[in-house]
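A short worksheet on the structure shown next.
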Amino acid sequence: MLAALRHAGYTPASLAASGLRCVHVAGTKGKGSVSALVASILRQYRPPTITGPVGLYTSPHLVSPRERIVLDGAPISRDKFTRYFYEVWDRFEGVEAGKPHYFRFLTILAFHTFSSEGVRDAVVECGIGGEYDATNVLAPEGTSAAVVTQLGVDHERMLGGRGGRLRGIRRGCGRRG
């Protein structure tokens, strides 16, 4: 994911340096609800000195992938989705490794959208979770908080079994600092 992020013109440090601060939400049950609640709180109660829309990146979508990338409570418009999609897509032309897989591409697209739209505060929901998740490229200085909702064992086979290994992978969204 880090290589794909670099091909798109970003690094974890550059995302943080742009002023983007993220609340990173992981877990098995309740991620979407917690993410929507935190984004709503950020929209309603942030200081007036902070400008720009509040971003929200979630998955999965119900009807359209645009639902995954939200600015101030509304999915991005078709025009913006199309423009930002091709801006990112074109950055991968001629890349030997090819284009990133679907979830990784949409994650990069969300970061590109947030950067292009001047988002200062965003809530980013993990996909599969933690250590191996595409959203786990957030730098510590760009992460305001890490939230872990209820953990289950729905992905235990994929993530390495029960016990300490699974907990360690799920904790992957935690940051020092």
Side-chain angles (χ1 to χ4, degrees), residues 1-26 31-40 42-43 46 50-144 146 155 158 172-173 175:
M1 179 62 184
L2 288 171
L5 190 66
R6 278 193 301 277
H7 283 296
Y10 298 100
T11 65
S14 72
L15 291 172
S18 73
L20 178 64
R21 297 295 175 264
C22 297
V23 176
H24 200 189
V25 182
K31 288 185 304 202
S33 298
V34 168
S35 296
L37 177 65
V38 172
S40 176
L42 287 172
R43 283 194 317 274
R46 69 184 179 162
I50 298 177
T51 59
V54 171
L56 173 63
Y57 176 61
T58 61
S59 65
H61 60 272
L62 297 176
V63 177
S64 166
R66 294 184 307 109
E67 298 167 18
R68 294 176 181 233
I69 303 170
V70 174
L71 300 172
D72 277 341
I76 63 170
S77 69
R78 283 187 177 141
D79 289 342
K80 286 182 181 182
F81 184 85
T82 302
R83 180 173 67 239
Y84 296 143
F85 179 96
Y86 283 108
E87 286 175 3
V88 174
W89 186 262
D90 291 346
R91 293 176 186 190
F92 288 96
E93 288 300 319
V95 173
E96 190 174 320
K99 294 182 173 54
H101 296 289
Y102 186 68
F103 186 76
R104 288 181 175 190
F105 184 84
L106 288 178
T107 301
I108 293 168
L109 178 60
F111 291 139
H112 179 66
T113 301
F114 295 161
S115 177
S116 299
E117 292 291 321
V119 171
R120 293 281 317 261
D121 298 303
V123 180
V124 176
E125 178 187 333
C126 285
I128 188 72
E131 188 176 5
Y132 302 117
D133 193 82
T135 65
N136 201 29
V137 295
L138 297 169
E141 59 274 14
T143 306
S144 300
H155 298 119
M158 185 181 301
C173 75
R175 305 284 183 278

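Reckoned from all heavy atoms, side chains included, excluding hydrogens, waters and symmetry mates. Positions are given from 1 along the sequence.
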Heavy-atom closest pair, residues Gly55 and Val119: N-CG1, 3.6 Å
Closest heavy-atom pair and its distance - Gly98, Phe92: O-CD2, 4.0 Å
Exceeds 12 heavy-atom contacts within 6.0 angstrom, atom CZ of Arg91: yes
Gly19 backbone acceptor or donor facing Arg120 side chain under 3.5 Å: yes
Exam field: side chain Thr82 to backbone Arg78, donor-acceptor pair closer than 3.5 Å: yes
Least distance between heavy atoms, Pro12 atom then Ala139 atom: O-CB, 3.7 Å
Leu106 versus Ile69, closest heavy-atom pair with distance: O-CD1, 4.3 Å
Any donor-acceptor N/O pair, Arg21 side chain to Ala16 backbone, under 3.5 Å: yes
Shortest non-hydrogen separation from Pro53 to Gly118 and the atoms involved: CD-O, 4.1 Å
Side-chain donor or acceptor of Lys31 paired with backbone N/O of Gly127 under 3.5 Å: yes
Identified side chain to side chain donor-acceptor pair (under 3.5 Å) counterpart of His24 within the set Thr135, Asp133, Thr143: Thr135
Inter-residue atom distance Ser33.OG - Glu125.CD, 0.5 Å rounding: 9.0 Å
Aromatic plane relationship, Tyr57 with Phe103 - under 30° parallel, 30 to 60° tilted, over 60° perpendicular: tilted
Heavy-atom neighbours of His61 NE2 exceed 12 at 6.0 Å: yes
Any donor-acceptor N/O pair, Ser14 side chain to Tyr10 backbone, under 3.5 Å: no
Asp121 side-chain N/O to Val54 backbone N/O, donor-acceptor pair under 3.5 Å: no
Ion pair check, Glu93 and Lys99, cut-off under 4.0 Å: yes
Test log, rule side-chain contact (heavy atoms from CB on, under 4.5 Å), inputs Val70 and Thr58: CA-CA 8 Å; Val70 174; Thr58 61; 5.6 Å; no
Test item: Arg66 side-chain N/O and Ile76 main-chain N/O as donor-acceptor pair under 3.5 Å: yes
Atom pair OG (Ser116) and CG (Leu109), whose distance is rounded to the nearest 0.5 Å: 9.0 Å
Parallel, tilted or perpendicular: rings of Trp89 and Phe85 (30°, 60°): parallel
Residue pair Pro65 / Phe81: nearest heavy atoms and the distance that separates them: CB-CZ, 4.1 Å
Salt bridge (Lys or Arg N to Asp or Glu O under 4.0 Å) partners of Glu117, counting only residues at least two apart: Lys80
CZ on Phe111 to CG on Leu20, rounded to 0.5 Å: 7.0 Å
Side chains of Ser77 and Asp79, donor plus acceptor under 3.5 Å: no
Pairwise distance CZ(Arg68) to OG1(Thr113) - rounded to 0.5 angstrom: 13.0 Å
Gap separating the CG atom of Leu15 from the NE2 atom of His112, nearest 0.5 angstrom: 11.5 Å
